[in-house]
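Convention: sequence-line order gives letters A, B, ...; per-chain numbering from 1.
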2 protein chains.
Amino acid sequence: MKLDPRHLEILAAIVDSGGLTEGAQAIGRAQPSVSRTVAMLEARIGAPLFDKNKRPLVPTELCLSLAGEGRRILAAGNTASAIVATFRTGHRGMVRIGGTPVFMDGVISTLIAEFQQNHPQVRIEQSYGYVPELMHQLVAGRLDVAICPTNPAALPQGFQFVPVLPGRNVIACGSHHPLLRKGPLRLADIAPYPWIAPPASSPLYEDMRHILRDIGVNDTRISFSGGTLASMTAILSNSDALTVLPYSVVFMARRQRVLAALSIRIGHPERMLGILTGDAEAANPTVRRFRRFIETEFGNLSRVIQQHEQNTVWRD
Amino acid sequence: MKLDPRHLEILAAIVDSGGLTEGAQAIGRAQPSVSRTVAMLEARIGAPLFDKNKRPLVPTELCLSLAGEGRRILAAGNTASAIVATFRTGHRGMVRIGGTPVFMDGVISTLIAEFQQNHPQVRIEQSYGYVPELMHQLVAGRLDVAICPTNPAALPQGFQFVPVLPGRNVIACGSHHPLLRKGPLRLADIAPYPWIAPPASSPLYEDMRHILRDIGVNDTRISFSGGTLASMTAILSNSDALTVLPYSVVFMARRQRVLAALSIRIGHPERMLGILTGDAEAANPTVRRFRRFIETEFGNLSRVIQQHEQNTVWRD
DNA sequence: AAGCTTCATAACATAGAGTTATCTTATTTT
DNA sequence: AAAATAAGATAACTCTATGTTATGAAGCTT
């Protein structure tokens, strides 16, 4: 015989609160409703659940057994409600985030770790991609948030973009690079060193080409290409190679003291790093919460970087 | 947010059986029903439970969490069903049984032990009483079964009585009583010994008076009265006292070799030991099962006693 | 015995679950 | 690539169960 779990809940409530009226109140119903439910249950089971004509309602053995199961059902229902609640407040769920590889590895992953300290139930699914691919994934609904450099002026329809950092680059090197110990740098100083090239489809690749042209380096020697930030960092810190990286990436790595930026002013692209989303309204609470977190954290980071920049002498 | 436990059950069924159609089948509903239920749930929670437009239905993280609770609810519901099933077959529940003290202690308690070996979930609530009180308790519904001596010819309205044993008594003594070693007994042999008297309200008390009158003992010396069977047995086996006990009680005690019956034929009351109930139809399955057990066990006992009697020479 | 509290019953409105038939769409097959 | 297949979504309708308020009946208390 299949029993309605709600009936078992009611039994548990009645037994635990010691009366029909109280039980009804406990479960949020009117007294006649539970009275009738009990009567129906008794008729269906074919056995009394309470001793009739006794005023402090006395449950049957059978009733007590069933109430035990009802208690479990109530407990499961409560935790289910709690699950929904945490989900609705954004404390549970999944965020699918994508971004350009170097920036994700160098900046975002640290922020994610911080976010998860306060949101252990939120699962982050990270993927890498460049802007066209990211946009495609956003449109297809396979990505909740993209973090990438974008020119806000040329934003296509159907996207929302919140800029968080200027897309400023630096010439990066290992922290023991000989050029760091020199005074004002000139073209002749830089020219001898080999370069690490980002993937050709990366925005950084274009940036590097522009920079090299601007400072007059013509015959670039590419010693390494195709690696992620981890590989680039390893090679930079164990060689005299140079590369172009977002300033924020070098800034975040300052703690580890493996990367450094050459004190030479270079041109900046017309891009902003920011948070790109499709329809921001349709996002679930977890995604919204994550976005808010990223935005405020970037706000802080932006301020710190600006302060740091003012304390640094940039030379031409 | 309060969720309907049945919805969580459905979620669990869908997730576990891997599809809407199969889930519906698993839980015994039609496919459109669960489809609609899922849609309603999603609307209420405000979040998708399954990835839309994917054909092997892919549950959301949230859905998986909720399905976990649903699984618990299903489990609780199943054990609840099992509880009801065992109850309905009489393998669970409570039987309130009352009877005359000596007979309950000497015969019924042994049968109860046997019954409970096959019915560990059945609780027996035993009480003592004499016939008028037992009838009153039956009428008041505070007793399911009474086991007592009754004259079937004088049965009041509203009672059912199933006779199981003739109300035959014997003169009982300790197993080392000197009279047991004598040949044919005469009045003069019995006269010197003291007697143990049952309580005055007990049927046995009247029986004893009749027997003593029949065999011609006039000045009875009562050495003990008011005890239960345990006390009587202890005293009988440690003294030369005599008493009147139902033959079945002495018979059941034969294994312990502490009680014996004098080989002297005495008159028997016009009573039958039997099972007295109020309205037999209204009884729950457990009570019915217990009654059936008692009846068949008494049937066996009755046969064994009769065989035993035939092998015993009763002397006048 | 009167009064109070608590459960039972009645009557009616409504939401949800059940059904079958049919449409839409994702995936598989040829 | 188009057709076939399988599975989920919708629609329309019935019926059960729940919810409501008002009121009756029955224990328990004082």
Colleague: Might you list the N or O atoms of the protein lying below 3.5 Å from N or O atoms in nucleotides 15-17 of chain D, with each pair's distance?
Modeller:
unit_1, atom_1, unit_2, atom_2, d
D/dA17, OP1, A/R44, NH2, 3.0

Colleague: Just the rounded figure in Å: distance from C1' of C/dA17 to CG of B/L41.
Modeller: 13 Å
Colleague: Could you give the CD-to-P distance, from B/Q25 to C/dT19, as a whole number of Å?
Modeller: 12 Å
Colleague: Please pick, from C/dT19, C/dC7, D/dT20, the nucleotide with the shortest atom-to-atom distance to any side-chain atom of A/A30.
Modeller: D/dT20
Colleague: Please list, chain by chain and in numerical order, all residues satisfying ring-ring contact (aromatic ring centres under 6.0 Å, His included) with A/F290, sequence neighbours excluded.
Modeller: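 Expected list: A/F115.
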Colleague: Decide yes or no on side chain to side chain contact (heavy atoms under 4.5 Å, CB included) for A/D144 and A/T286, but give the supporting numbers first.
Modeller: CA-CA 10 Å; A/D144 297 309; A/T286 311; over 6 Å; no
Colleague: Establish, with yes or no, whether the OP1 or OP2 oxygen of C/dC7 is under 4.0 angstrom from a side-chain nitrogen or oxygen of A/S35.
Modeller: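 False: A/S35 side-chain N/O out of range (4.0 Å or more) of C/dC7 OP1/OP2.
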Colleague: Can you tell me the distance, in whole Å, between the CG atom of A/D51 and the C1' atom of D/dG27?
Modeller: 14 Å
Colleague: List in chain and number order the residues that pass side chain to side chain donor-acceptor pair (under 3.5 Å) with B/T79, two or more places apart in sequence or in another chain; answer none if no residue qualifies.
Modeller: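 If we apply the side chain to side chain donor-acceptor pair (under 3.5 Å) test to B/T79, skipping adjacent residues, the hits are A/E69.
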Colleague: Verify side chain to side chain contact (heavy atoms under 4.5 Å, CB included) between B/L3 and B/L41, making sure each step is shown before the conclusion.
Modeller: CA-CA 9 Å; B/L3 299 168; B/L41 242 188; 4.0 Å; yes
Colleague: Provide, to the nearest angstrom, the distance between the CZ atom belonging to A/F50 and the C1' atom belonging to D/dG27.
Modeller: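 Atom-to-atom, A/F50 to D/dG27, this comes out as 17 Å.
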Colleague: Report yes if a donor N or O on one partner sits less than 3.5 Å from an acceptor N or O on the other, where the partners are the side chain of B/Q31 and the base of D/dA9; otherwise report no.
Modeller: yes
Colleague: When the distance from CD1 of B/I27 to C1' of C/dA17 is rounded to whole Å, what number comes out?
Modeller: 12 Å
Colleague: Any idea how A/H91 and A/H119 line up, ring-wise: parallel (<30°), tilted (30 to 60°), or perpendicular (>60°)?
Modeller: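 Judged by the thresholds at 30° and 60°, the geometry between A/H91 and A/H119 is parallel.
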Colleague: For DNA chain C, which ranges pair as stems of 3 or more consecutive Watson-Crick or G-U pairs, with both donor-acceptor distances under 3.5 Å?
Modeller: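 In DNA chain C, stems of three or more pairs: C:1-30 with D:1-30.
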Colleague: Are B/L66 and B/L49 packed together at the side-chain level, in the sense that at least one heavy-atom pair is separated by less than 4.5 angstrom?
Modeller: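 A side-chain contact under 4.5 Å exists here.
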Colleague: With the side chain of A/E22 defined as its heavy atoms from C-beta on, choose the nearest nucleotide among D/dA22, C/dC7, D/dA12.
Modeller: C/dC7
Colleague: Between B/E125 and B/M94, is there a side-chain heavy-atom distance shorter than 4.5 Å?
Modeller: yes
Colleague: What is the separation between atom CG on B/L57 and atom C1' on D/dA9, rounded to the nearest whole Å?
Modeller: 12 Å
Colleague: Rounded to whole angstroms, how far apart are CZ on B/R36 and C1' on D/dT10?
Modeller: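 Value for this atom pair: 10 Å.
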Colleague: In terms of relative ring orientation, are B/F103 and B/F298 parallel, tilted or perpendicular, with 30° and 60° separating the classes?
Modeller: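 Ring orientation, 0 to 90° scale: parallel.
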Colleague: Nucleotides 28-30 of chain D: which of its N/O atoms have a protein N/O under 3.5 Å away?
Modeller:
unit_1, atom_1, unit_2, atom_2, d
D/dC28, OP1, A/R55, N, 3.2

Colleague: Send over the distance from A/L20 CG to D/dA26 P, rounded to a whole Å.
Modeller: 17 Å
Colleague: Rounded at 0.5 Å granularity, tell me how far OG1 in A/T150 sits from CZ in A/F161.
Modeller: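 Atom-to-atom, A/T150:OG1 and A/F161:CZ are 4.0 Å apart.
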Colleague: Suppose we screen for ring-ring contact (aromatic ring centres under 6.0 Å, His included). Which residues come up paired with A/H136, at least two apart in sequence or across chains?
Modeller: none
Colleague: Got a donor-acceptor contact below 3.5 angstrom from the B/S202 side chain to the B/L204 backbone?
Modeller: yes
Colleague: Given C/dC7, is OP1 or OP2 found less than 4.0 Å from the side-chain N or O atoms of A/T21?
Modeller: yes
Colleague: What distance separates B/T277 OG1 from B/M135 CE, expressed to the nearest 0.5 Å?
Modeller: 10.5 Å
Colleague: Between D/dG8, C/dA17, D/dT21, which nucleotide gets closest to the side-chain atoms of B/T37?
Modeller: C/dA17
